[in-house]
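First up is the structure itself, then whatever we jot down about it.
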Amino acid sequence: MATPTRNRNNSGGSDKPNKFANAGAAAGGFVGSMGGSFTPPINITVNRTTNSSGGSGGGMQSDRPHAEALLPSPEFTSPAQVRQYCNTLRTVAVTLSIEVAMGAEILKGVLAAVPDPQGRAFGSRLRAQKVARKMQRSADAMRDAAMNAAACYSAFQQEFEEEINRVRHRARRPQVPQMNWTQQ
């Protein structure tokens, strides 16, 4: 059992068991912090690349790369190129899925802060969830695209195993030194 200690405060002091002295403050602080909304710690890294073009064109220029820059060209002339394309697609889809999911959470937080026109309690949060749900579905679809890219290469290996092994065995045939009988 906890021993009573003398807690000194401005009102003179009282005897209290010290076992749960700070438990109420800790629980109150935790519940109070959860009252608004749960915001997980997020680290964001921004890498900016600038492509300078020599012309002073009047068109709009974007710092974002085009879709062609994200994936290799779809030339499937070898199993290695199929593997490279599927792995790159999977990597890009996973990265974009994470980015879009973070964007959905940020969008939900921003829209929840907009006051509800009818003054309903939690009305803005409900409307923000409805909007952000669509973006979250986009993130889920990108995650599914990453899984399907990995499954594509797996299916390629299973369906064309005979052809791959035929070439693989020929390519890895051990080099046996040849006897040249003409040189004596």
Side-chain angles (χ1 to χ4, degrees), residues 30 33-34 36-114 122 124-180:
F30 179 74
S33 69
M34 295 295 287
S37 67
F38 182 70
T39 307
I42 297 174
N43 296 328
I44 299 175
T45 303
V46 178
N47 294 327
R48 181 174 180 217
T49 57
T50 305
N51 297 331
S52 60
S53 59
S56 61
M60 291 179 49
Q61 294 182 356
S62 174
D63 289 338
R64 306 280 308 209
H66 296 284
E68 300 89 31
L70 295 176
L71 294 174
S73 61
E75 296 173 2
F76 304 117
T77 57
S78 71
Q81 287 180 332
V82 174
R83 184 183 68 240
Q84 178 194 13
Y85 192 85
C86 290
N87 283 343
T88 306
L89 176 61
R90 181 186 54 81
T91 303
V92 167
V94 165
T95 303
L96 287 176
S97 170
I98 292 168
E99 235 180 270
V100 172
M102 283 193 334
E105 288 298 316
I106 292 169
L107 178 67
K108 186 172 24 173
V110 168
L111 294 179
V114 175
F122 305 111
S124 292
R125 283 191 195 169
L126 293 174
R127 294 185 313 153
Q129 277 184 325
K130 286 181 183 179
V131 173
R133 187 178 304 134
K134 301 297 183 186
M135 193 176 291
Q136 184 60 45
R137 284 185 183 170
S138 295
D140 294 341
M142 288 182 195
R143 189 192 67 226
D144 292 342
M147 289 189 303
N148 285 327
C152 175
Y153 183 68
S154 176
F156 169 73
Q157 283 185 314
Q158 289 175 356
E159 294 296 325
F160 293 93
E161 180 180 14
E162 185 178 328
E163 289 86 351
I164 293 171
N165 287 336
R166 190 178 322 139
V167 174
R168 184 179 291 158
H169 292 306
R170 188 176 352 130
R172 294 186 181 174
R173 187 174 295 155
Q175 295 292 329
V176 178
Q178 296 289 328
M179 180 68 70
N180 188 355

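The CG atom of Leu111 sits 12.0 Å away from atom CD1 of Ile106, with the distance rounded to the nearest 0.5 Å. For the atom pair CE of Met102 and CD of Glu99, the computed distance is 6.5 Å after rounding to the nearest 0.5 Å.
Scanning both residues, Cys86 and Ala149, for their nearest heavy atoms gives CB-O, 3.6 Å. Contact between Ala101 and Ala139 at its shortest, heavy atoms only, is N-CB, 3.7 Å.
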For residues 130-138, run the donor-acceptor check on the side chains, cut-off 3.5 Å, and write out each pair with its distance to 0.1 Å, sequence neighbours left out.
from, atom 1, to, atom 2, distance (Å)
Gln136, NE2, Asp140, OD1, 3.3
Ser138, OG, Lys134, O, 3.4

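Under the rule for a side-chain contact (heavy atoms from CB on, under 4.5 Å), the partners of Glu162 that lie at least two apart in sequence or sit in another chain are Arg166. Partners of Glu159 by side-chain hydrogen bond (donor to acceptor under 3.5 Å, both in side chains), not counting sequence neighbours: none found. The side-chain hydrogen bond (donor to acceptor under 3.5 Å, both in side chains) search around Gln129 returns none, not counting sequence neighbours. Residues forming a side-chain contact (heavy atoms from CB on, under 4.5 Å) with Thr88 (at least two apart in sequence, or on another chain): Leu71, Pro72, Gln84, Val92. Applying the side-chain hydrogen bond (donor to acceptor under 3.5 Å, both in side chains) test to Ser78 and every residue at least two apart in sequence or in another chain returns nothing.
Residue pairs meeting the ring pair (Phe, Tyr, Trp, His ring centres under 6.0 Å) criterion with at least one member in residues 71-94, sequence neighbours excluded, are Phe76-Tyr85. Here salt bridge (Lys or Arg N to Asp or Glu O under 4.0 Å) pairs that include residues 84-96, with residues two or more places apart or in two chains, number zero.
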